[in-house]
Amino acid sequence: MVKRRRAFICGWPVEHSRSPIIHNYWIKKHRLDGVYIKQPVKPENFAGFLASLAKKDLLGGNVTIPHKEQAFNLIKYLDPVAKRLGAVNTVWFEDTKLHGANTDGYGFLANLDQCAPGWDNNNTGDKEAIVLGAGGASRAIIDAILMRGFKKVHVINRTLSRASKLVDLFGPAVSAHQWNDIQQLVKNVILLVNTTSMGMNHMPLLEIDLNPLPDNCVVSDIVYAPLQTLLLKQANSRGLRTVDGLGMLLHQAVPGFELWFGTRPEVTDDLRQLIIRDLAEKQ
Ligand code: ATR
């Protein structure tokens with residue numbers, strides 16, 4: 001008898017995760033005999049959990065906060081992005097060996113490619129971006145932007161020392177700045193992205209003067225609750241193209257699903273609407 005194929009999301013806590021809705025939607029759409037389940041695992045039990053995957057008949061899954069760095073340290077076979085970021089969010093088996101990848105940067109780029117085609121082209125080829133924030137999401141996004149040939153990435157953070165520590169992990173193209181510097185840095189950028197938690201429900205608003213931004217600048221926010229943050233509303237009013245944060249969550253799930261279930265799924269408006277309804281219910 002063929003066993004039902006099972007994948008998981010492992011975190012602590014993991015209750016709030018939308019990944020099961022995404023993957024179970026694709027399982028149903030592709031008529032697969034599978035299921036994607038939540039696995040709440042405490043940090044001290046994570047190594048044991050990873051070691052027990054095969055025994056539990058789990059094909060692989062997603063790893064989320066606070067386990068991404070531990071997964072990086074425990075898994076031998078890593079994709080180049082996970083190696084660069086020191087963090088794993090997707091695990092799967094190849095010939096009984098556990099592999100790890102990081103698809104956050106892929107999700108970020110695929111979302112921009114889908115929602116703002118041509119976002120990374122400019123006439124001179126001298127591409128510049130601003131990244132607000134210096135946490136884990138910022139690191140993945142800086143790495144992804146550099147892969148697209150950006151020549152300068154300005155990282156702006158409330159705590160300058162944290163930004164400085166982060167930019168030291170990259171080459172000279174990436175520099176650290178304080179919020180006060182923003183007005184002089186925005187003039188030549190073709191991408192401005194918020195990776196801080198500002199603008200999220202119950203958090204302080206993110207207010208920036210977007211007037212000095214070039215007309216071809218794309219503004220993106222990784223916050224998706226609310227979907228239309230003040231930053232995105234202001235960018236829209238200023239006539240700039242905007243990309244919300246929900247698409248990154250959806251696109252980062254694509255490679256994992258393909259690895260576990262052998263079918264490459266699509267990020268459709270139908271799926272987006274399903275998550276938007278869930279966000280509205282659970283606000
Ligand atoms: P993640 O791993 O998801 O990126 P994180 O590591 O908690 O999350 O990082 C949160 C980011 O939001 C940081 O850049 C943080 O700035 P600090 O490094 O100065 O803490 C930023 N952030 C959160 N709340 C903020 C606020 N009220 N004002 C300015 N920045 C804030």
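Counting starts at 1 for both ligands and their atoms, in listed order. All residue numbers refer to positions in the sequence shown, counting from 1. Note that this is a predicted model, so its numbers are computed, not measured. These values consider heavy atoms only, across backbone and side chains, with no hydrogens, waters or symmetry-generated copies.
Listed by number with element, the atoms of ligand 1 under 4.0 angstrom from any heavy atom of Pro204 are 27 (N). Close approach of ligand 1 to Ser197 (heavy-atom distance below 4.0 Å) involves ligand atoms 12 (O), 23 (C), 24 (N). Near Thr196, with a cut-off below 4.0 Å to any heavy atom, the atoms of ligand 1 are 11 (C), 12 (O), 21 (C). Each of the following atoms of ligand 1 lies closer than 4.0 Å to a heavy atom of Gly133: 14 (O).
Annotation: Gly136 places an N or O atom under 3.5 Å from an N or O atom of ligand 1; distance criterion only. An N or O contact shorter than 3.5 Å is missing between Met198 and ligand 1 by distance. Considering backbone and side-chain atoms together, Trp179 places no N or O closer than 3.5 Å to any N or O of ligand 1. Between Met203 and ligand 1, a contact under 3.5 Å exists for no N or O pair.
Between Ser175 and Val167 there is no side-chain heavy-atom pair separated by less than 4.5 Å. Residues Leu227 and Arg272 have side chains in contact (heavy-atom distance under 4.5 Å, counting atoms from C-beta outward).
Ring pair Phe257/Trp26 is perpendicular by interplanar angle, where above 60° counts as perpendicular and below 30° as parallel.
Distance CG/Leu192 to NE2/His154: 10.5 Å, rounded to 0.5 Å.
In the hydrophobic clustering of this structure, Leu271 groups with Trp260; members are Ile, Leu, Val, Met, Phe, Trp, Tyr whose side-chain heavy atoms approach within less than 4.5 Å, directly or through other members.
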Could you go through Ser19 and Asn62, starting from their C-alpha distance and side-chain angles, then the distance that decides it, and tell me whether this counts as side-chain hydrogen bond (donor to acceptor under 3.5 Å, both in side chains)?
CA-CA 9 Å; Ser19 292; Asn62 288 119; 4.6 Å; no
Lys282/Asp278 under salt bridge (Lys or Arg N to Asp or Glu O under 4.0 Å): CA gap, chis, key distance, verdict:
CA-CA 6 Å; Lys282 298 197 180 128; Asp278 184 72; 2.8 Å; yes
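Of the residues listed (Asp104, Leu169, Asp143, Ile142), the one engaging Leu85 in a side-chain contact (heavy atoms from CB on, under 4.5 Å) is Asp143, and it is the only one.
By the definition of a contact as any protein heavy atom under 4.0 Å away, atom 8 (O) of ligand 1 is not in contact.
Contact annotation for Thr159 and ligand 1: heavy atoms of both the backbone and the side chain come within less than 4.0 Å of the ligand. Of all the heavy atoms of Ala137, the ones lying under 4.0 Å from any atom of ligand 1 are found in both the backbone and the side chain.
Remark: aromatic rings of Phe8 and Phe49 are close, center separation under 6.0 Å.
Protein heavy atom at the shortest distance from atom 14 (O) of ligand 1 is Asn157 OD1, 2.7 Å.
Nearest to atom 6 (O) of ligand 1 by heavy-atom distance, out of Arg162, Arg139, Arg158, Lys165, is Arg162.
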